[in-house]
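First comes the structure, then the notes that go with it.
Residue numbering restarts at 1 for every chain, and letters A, B, ... go by the order of the sequence lines.
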2 protein chains.
Amino acid sequence: MVDGDRSENLDGIFSAISDPTRRAILQQLGQGPERVTEIARRFPVSLNAVSKHLIVLERAGLVRREIRGRDHLCSLNGQPLREASAWIERMRGYWEERLDALERHIAAKQKAGRK
Amino acid sequence: MVDGDRSENLDGIFSAISDPTRRAILQQLGQGPERVTEIARRFPVSLNAVSKHLIVLERAGLVRREIRGRDHLCSLNGQPLREASAWIERMRGYWEERLDALERHIAAKQKAGRK
DNA sequence: ATCACCGTCAACCATTTGGTTGATGGTAGC
DNA sequence: GCTACCATCAACCAAATGGTTGACGGTGAT
């Protein structure tokens, strides 16, 4: 298996990026790979907490880890985000059409009766 | 405020769509608005469970509710998905550039040394 | 007015989650 | 071979999650 156990991991992916600390880690990691301790230094929580966050991100496939001696170099993996994005866009594709009309309808109703 | 307390609700949005039942509800709801009981009939859990899921989706802004007598008509709201999509695309924008080179690098290293 | 139905609220339960501190296994540097 | 450092493991804790059953307040229909 070249790519690991990918595909239909949406639970883990969305769950992983639902945490603000984890999103911040990902954003930071977007600037380039970093060691665990170095990542942790930017957050007001313990190293252990960050380590756990990284494990979560890794299991969701969002982060890859390259062990170099005693350092763990963490880097991003774009594939899961592509999956997540694909799901959202598929959803929006289903709606959008009907949504335009519907939302105007609701908005009007809200403006009128809702206070 | 026309739109409520939106903006930077990403925690709630991603958390809401990280549950498979909730994603299924959203997909089903994409076909058009439905009553709570009607939605619940399609899932192997109790009405109460679905009711709670709908409350979660509503608080995340993904579902709107129009009360018509004793029926609650649930419909989709596209805005939060747009926010979620925007965050993901922003992230992908940051990476992508560096990711192409990086991923080939990692993949090569994995194929070579990893077992 | 009664009865049935719709959906939520309340209490409870097991599991997961995000955090802590402390111990442990590796690796690097003297 | 010590000693320092890197990161995870382990145990623990409080809070949140997803599920259940049962009770309740509204609305509709007869």
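- With the nearest nucleotide of DNA chain D identified for both A/Asn48 and A/Asp71, A/Asp71 has the one nearer the 5' end.
- In this structure, the side chains of A/Arg90 and B/Gln27 come closer than 4.5 Å at one or more pairs of heavy atoms.
- Two residues are said to be in side-chain contact when any heavy atoms from C-beta on lie closer than 4.5 Å; A/Arg23 and A/Pro20 meet this criterion.
- Here the closest heavy-atom approach between residue A/Asn77 and residue A/Gly61 is recorded as ND2-O, 3.1 Å.
- In this structure, B/Arg22 reaches the D/dG18 phosphate: one of its side-chain N or O atoms is under 4.0 Å from OP1 or OP2.
- In this structure, A/Arg41 atom CZ and D/dC5 atom C1' are separated by 13 Å, rounded to whole Å.
- Side-chain proximity of A/Asp19 to D/dT20, C/dG18, C/dG22: nearest is C/dG18.
- Dashed line: the shortest gap from a side-chain N or O of B/Ser46 to OP1 or OP2 of D/dG19 is not under 4.0 Å.
- Rounded to whole angstrom, the span from the CD1 atom of A/Ile67 across to the C1' atom of C/dA28 amounts to 16 Å.
- Phosphate proximity of D/dT8 to A/Ser51: present, with a side-chain N or O under 4.0 Å from OP1 or OP2.
- Listed nucleotides D/dC6, C/dC5, C/dG19 differ in distance to A/Thr21; the shortest reach to its side chain belongs to C/dG19.
- Here C/dT17 presents its P atom at 11 Å from CG of A/Asp11, a figure rounded to the nearest Å.
- When distances are taken from the side chain of A/Arg70 to each of C/dT27, D/dG28, C/dG19, the shortest belongs to C/dT27.
- Considering only side-chain N and O atoms, B/His72 lies nowhere under 4.0 angstrom from the phosphate OP1 or OP2 of C/dC6.
- The environment of A/Arg42 atom CZ is dense: over 12 non-hydrogen atoms of other residues, nucleotides or ligands sit within 6.0 angstrom.
- The aromatic rings of A/Trp87 and A/Phe14 sit perpendicular, their planes meeting at an angle over 60°, well past the 30° parallel limit.
- Note: CG (A/Leu54) to C1' (C/dG19) measures 15 Å, nearest angstrom.
- Here the P atom of nucleotide D/dT27 and the CG atom of B/Leu73 are 15 Å apart, to the nearest Å.
- Across the protein-nucleic acid pair, A/Lys52 atom NZ and D/dC13 atom P stand 14 Å apart, rounded to whole Å.
- Contact check, B/His53 against D/dT17: no side-chain N or O comes under 4.0 Å of OP1 or OP2.
- Between the CG atom of B/Leu47 and the P atom of D/dG22 there is a distance of 15 Å, rounded to whole Å.
- Using a 4.0 Å heavy-atom criterion, one finds that B/Ile55 contacts the sugar-phosphate atoms exclusively.
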